[in-house]
Protein chains: 2
Amino acid sequence: MKRGTSRDIRTANRYEVLRQIIAASPTSRQELAAATGLSLATVATLVGELLDLRMITEVGFEDSAGGRPRGLVAVNASGGALIGVDIAETYVHVELFDLALNVLARAEEHMRPGESRPEQVIGHVSAAVGSVVAQAGVEAARVLGVGVSVPGQVDRSTGIAEYAPNWDWHDVPLLDLLSEHIAYPLYLDNPLRASAVAELWFGAARGHGDTVVVNLGTGVGAGLVLGGGLHRGVSNSAGEWGHTTLVLDGRLCRCGNHGCVETYVGALGIMQNLRELSPRSALLHPGDQTATIDALAAGVAAREPEAVKVVRDTARYLGAGIAVLVNVLNPEVVVLSSWVAARLGEPLLEEVREAVARHALKRPLAASRIVLSPIPTDPVCLGAATFALEGALQSVGQRSTKRTSPARSRTAPSA
Amino acid sequence: MKRGTSRDIRTANRYEVLRQIIAASPTSRQELAAATGLSLATVATLVGELLDLRMITEVGFEDSAGGRPRGLVAVNASGGALIGVDIAETYVHVELFDLALNVLARAEEHMRPGESRPEQVIGHVSAAVGSVVAQAGVEAARVLGVGVSVPGQVDRSTGIAEYAPNWDWHDVPLLDLLSEHIAYPLYLDNPLRASAVAELWFGAARGHGDTVVVNLGTGVGAGLVLGGGLHRGVSNSAGEWGHTTLVLDGRLCRCGNHGCVETYVGALGIMQNLRELSPRSALLHPGDQTATIDALAAGVAAREPEAVKVVRDTARYLGAGIAVLVNVLNPEVVVLSSWVAARLGEPLLEEVREAVARHALKRPLAASRIVLSPIPTDPVCLGAATFALEGALQSVGQRSTKRTSPARSRTAPSA
DNA sequence: CGGACTTCATAAAGCCCCTTTCCTAACCCC
DNA sequence: GGGGTTAGGAAAGGGGCTTTATGAAGTCCG
């Protein structure tokens, strides 16, 4: 049972104010107070803190119609840089952001199927991180942190990748290994939670209540934003909706079970849906998920019956799976995220809405909006970078312990 | 976005301290501080409050082995009474509790199938409430509140039963109607949340993290205790797991969909499982759920193959359904509650554990314990009474608004 | 049997957080 | 350039929790 302290309120408010500033930059203290529901005084204090941190700057005044003009603050984009690392089965994707969360540089490393040893992955990551820092030309001291997303089960406090199903990793001390190559503060979590936190800060969950972020990629899962924060579960593995049984005794899943949601709506599952509909379809690119999904998206855009049918079949499965989440969690928003959702886009969304409506109860259904992720870039990178941002913000509140020198961050902020 | 205030911390702490006192009565301030993680001073303050409210009393001292002996406090059982009302499809069950949550009196009213109008139900409720108060012989002023659980969708703030599927109620202002007959403070919610809060205060969720309370009765659903509190969802309808699709195109459910969990593991679903296994089984009491489940329980105890098989089949469905909750929510505890679970007991539990293990992922599975509800009485009544207790405790913190007379409770505490 | 030691409980002071209130600053308009 | 208006900061106030100090109530032992 974790107990809340008044400090947590402060931290939450600090997050909220910064979120709001990033979302509506430039903005005034008045607007912030209205948007957050905090008093003017509190907003002013928090804005002062953020100004001290050089995360935001004063950028002039609003035009006044009688009365003192409102001072405007905006994100100090050049006040620091954040790096998000999205480690996936076949690639490592790294993006460097300014504090307004604009992408300043990106790097992508492809991993061949054989490359599964931690050292190999770490090699790719550190190369890509080095690359984005060089590209963006930011001083090393400006990098506030690096968020790393790795599939599977992670322990964020120890930085250990406890289990990564795709590479059969067990208890790899990923953060320690990475810290030998990367001298910035590091934060570890998994892609489900990364994309959820991205939606929470910058996407469809912003300012809303409970939200479910459905990730549709090669792997499938759900990030849960409940009660204004990430729901992690007792062992930080909540959201494994992709390995939930959708069809009793259905398709064999790589997790060992049968009929998992992932085997019907993951990229490979969709390929299978296509294959079952028309084994020698021209849309099918065996062994290439991306190409197949792209072909499908193009086909749907051209109203090819085959493509439309596959998307509809997929949405039917997806709708049944999402209806479970809607009924059980009663969220305000359901976000479809990750690359498969992005490419299939609106047509998928429409079909999913219909399918969910067929399976969910009226009341929870009526309370939920199902939307595509409004985040234009890789949500996992963005979310990972957000973990770094949260980390940088967290340490603000910490006071130095009595009679001791001020606390130093875990890794010195110098390349 | 609800924002937390320091007042909420106080309320949570007050709950926590009282919970602890009820659980380990008598106990000392020292033990309370250790158990809650609060400082001695805070515990002393809260204990003082509860003493002032006459909810607890000082009951002597602990033996000392050198040093001042610890003062002991215990629940003041006679300090007040709480009433829990469990309105179900076929009965109204009412229990009156003392503050230690012992049952002092109970009353049960049966409802014939035709009786579905709100006035009829209210008649039963007020009769039963009157009965328990008379039986227990408590002064009316001592009744701190009445918690009412009604199936379906409720709005607890307005006290409206928005939708009750079994009677086809729509927007019945139940609390207003009840307050014409019952002069105690009233609190409305649904059985899922009632049994969840019962587990949170007095059962398997006590002191643990995220917990899922699986209700197996005629209706089926899950109460969610996440982050130390009830998860309600955006429209207070979270937990509708019973109407989640378990078998695509499966049995027709009364909710209109096919293949809902409830149609396989609810009392009627279990009867159907039995019927499909052996249409003219001696265990089957057509039209009588209770008798059938009882017969099944007896059969399992006697190791009758037919009964064992039905329980196994049921557990297989149940396991698949619970595995979804385990994977998605990653709870620390899963509680099997309500009358079907209570009657089928250990044999069901064993089978369920095995079945869940077959469907859930290893990590979340390893983190969860699946248990039967340790609550010996009707958990819904207990939970409903707990809502009343929470309500009585809530008003402690409220200060009278400025320049006005002290706030009065909604219904005067006099019969 | 009374002082010394131990342990509990309450009171006081300090810190953190948020809000309300008051006052000055800054700008518009006439 | 004064009056009206609005912004923003400083101070005061209220609630909460913790640490520290002090008094209270025992045991133990000389």
- Sequence-distant partners of B/Ser237, side-chain hydrogen bond (donor to acceptor under 3.5 Å, both in side chains), two or more places apart: A/Asn330, B/Ser235
Could you go through residues 67-84 of chain B and list every donor-acceptor pair under 3.5 Å that involves a side-chain atom there, pairing it with any protein atom two or more places apart or in another chain?
residue	atom	partner	partner atom	Å
B/Asn76	OD1	B/Ser78	OG	3.3
B/Asn76	ND2	B/Arg54	O	2.7

- Scanning both residues in full, the closest heavy-atom pair of B/Ala238 with B/Gly233 reads CB-N, 3.8 Å
- Message: Between P on D/dG16 and OH on B/Tyr15, what's the gap in Å once rounded to a whole number?
- Response: 14 Å
- Note on the structure: Winner on side-chain proximity to A/Gln30, out of D/dG9, C/dA9, D/dG8, is D/dG8
- Message: Please determine whether a side-chain nitrogen of the Lys or Arg among A/Glu49 and A/Arg10 lies less than 4.0 Å from a carboxylate oxygen of the Asp or Glu.
- Response: yes
- Task: May I ask you to verify if any side-chain N or O of B/Ser39 is less than 4.0 angstrom from the OP1 or OP2 atom of D/dC17?
- Result: no
- Begin with the C-alpha distance, continue with both residues' side-chain angles, and end with the deciding distance and a verdict on side chain to side chain donor-acceptor pair (under 3.5 Å) for A/Ser39 and A/Thr42. CA-CA 5 Å; A/Ser39 73; A/Thr42 303; 3.1 Å; yes
- Query: Of all residues at least two apart in sequence or in a different chain, which pass the side-chain contact (heavy atoms from CB on, under 4.5 Å) check with A/Phe387?
  - Reply: A/Arg156, A/Tyr187, A/Asp189, A/Arg193, A/Ala194, A/Val197, A/Leu230, A/Arg232, A/Glu390
- Task: For A/Leu46 and C/dC16, give me the distance from atom CG to atom P, rounded to whole Å.
- Result: 15 Å
- Measure the angle between the two terminal helix axes of the helix from C/dC1-D/dG30 to C/dC30-D/dG1, five base pairs each, and quote it to 10°. 30°
- Message: Closest-nucleotide mapping onto DNA chain C: is B/Glu58 or A/Ala41 further toward the 5' terminus? I mean the 5' end.
- Response: B/Glu58
- Query: For the side chain of A/Thr386 and the backbone of A/Leu389, is there at least one donor-acceptor N/O pair under 3.5 Å apart?
  - Reply: no
- Take the protein atom CZ of B/Arg14 and the nucleotide atom P of D/dG16, then report the distance between them rounded to whole Å. 8 Å
- Message: Counting only side-chain nitrogens and oxygens, does B/Asn13 get under 4.0 Å of the OP1 or OP2 atom of D/dC17?
- Response: yes
- Where the side chain of B/Ile9 is concerned, which of D/dG16, D/dG9, C/dC18 is the nearest nucleotide? D/dG16
- Rounded to the Å, how far apart are A/Asp8 CG and D/dG16 C1'? 13 Å
- Whole-Å distance, B/Leu38 CG to C/dA9 C1', equals 16 Å
When you compare the protein's N or O atoms with those of nucleotides 24-28 of chain C, which come within less than 3.5 Å of each other, and at what distance?
residue	atom	partner	partner atom	Å
C/dA26	N3	A/Arg68	N	3.4
C/dC27	O2	A/Gly67	N	3.3

- Message: Hydrogens and angles aside, do B/Gln20 and B/Tyr15 bring a side-chain donor and acceptor to less than 3.5 Å of each other?
- Response: no
- Item | Euclidean distance, atom CZ of residue A/Arg29 to atom P of D/dG8 [Å, nearest integer] | 5 Å
- Task: Measure from CD on A/Glu62 to C1' on D/dG8 and round the result to the nearest Å.
- Result: 14 Å
- B/Ser6 has a side chain; which of C/dC8, D/dT18, D/dG15 sits nearest to it? D/dG15
- Message: Does this structure show an ion pair linking A/Arg19 with A/Glu199, if we count only N-O contacts that are shorter than 4.0 Å?
- Response: no
- Message: Rounded to whole Å, how long is the line connecting atom CG of B/Asp63 with atom P of D/dA25?
- Response: 17 Å
- Query: Looking across every strand, which nucleic acid part, if any, lies under 4.0 Å from A/Gly71 by heavy atom: base, sugar-phosphate, or nothing?
  - Reply: sugar-phosphate
- Message: Strictly below 4.0 Å: does A/Arg10 bring a side-chain N or O up to OP1 or OP2 of C/dC18?
- Response: yes
- Message: Quick check on C/dC16: is either OP1 or OP2 less than 4.0 Å from any side-chain nitrogen or oxygen of A/Arg7?
- Response: no
- Item | Partners meeting side-chain hydrogen bond (donor to acceptor under 3.5 Å, both in side chains) with A/Thr57 (sequence neighbours left out) | none
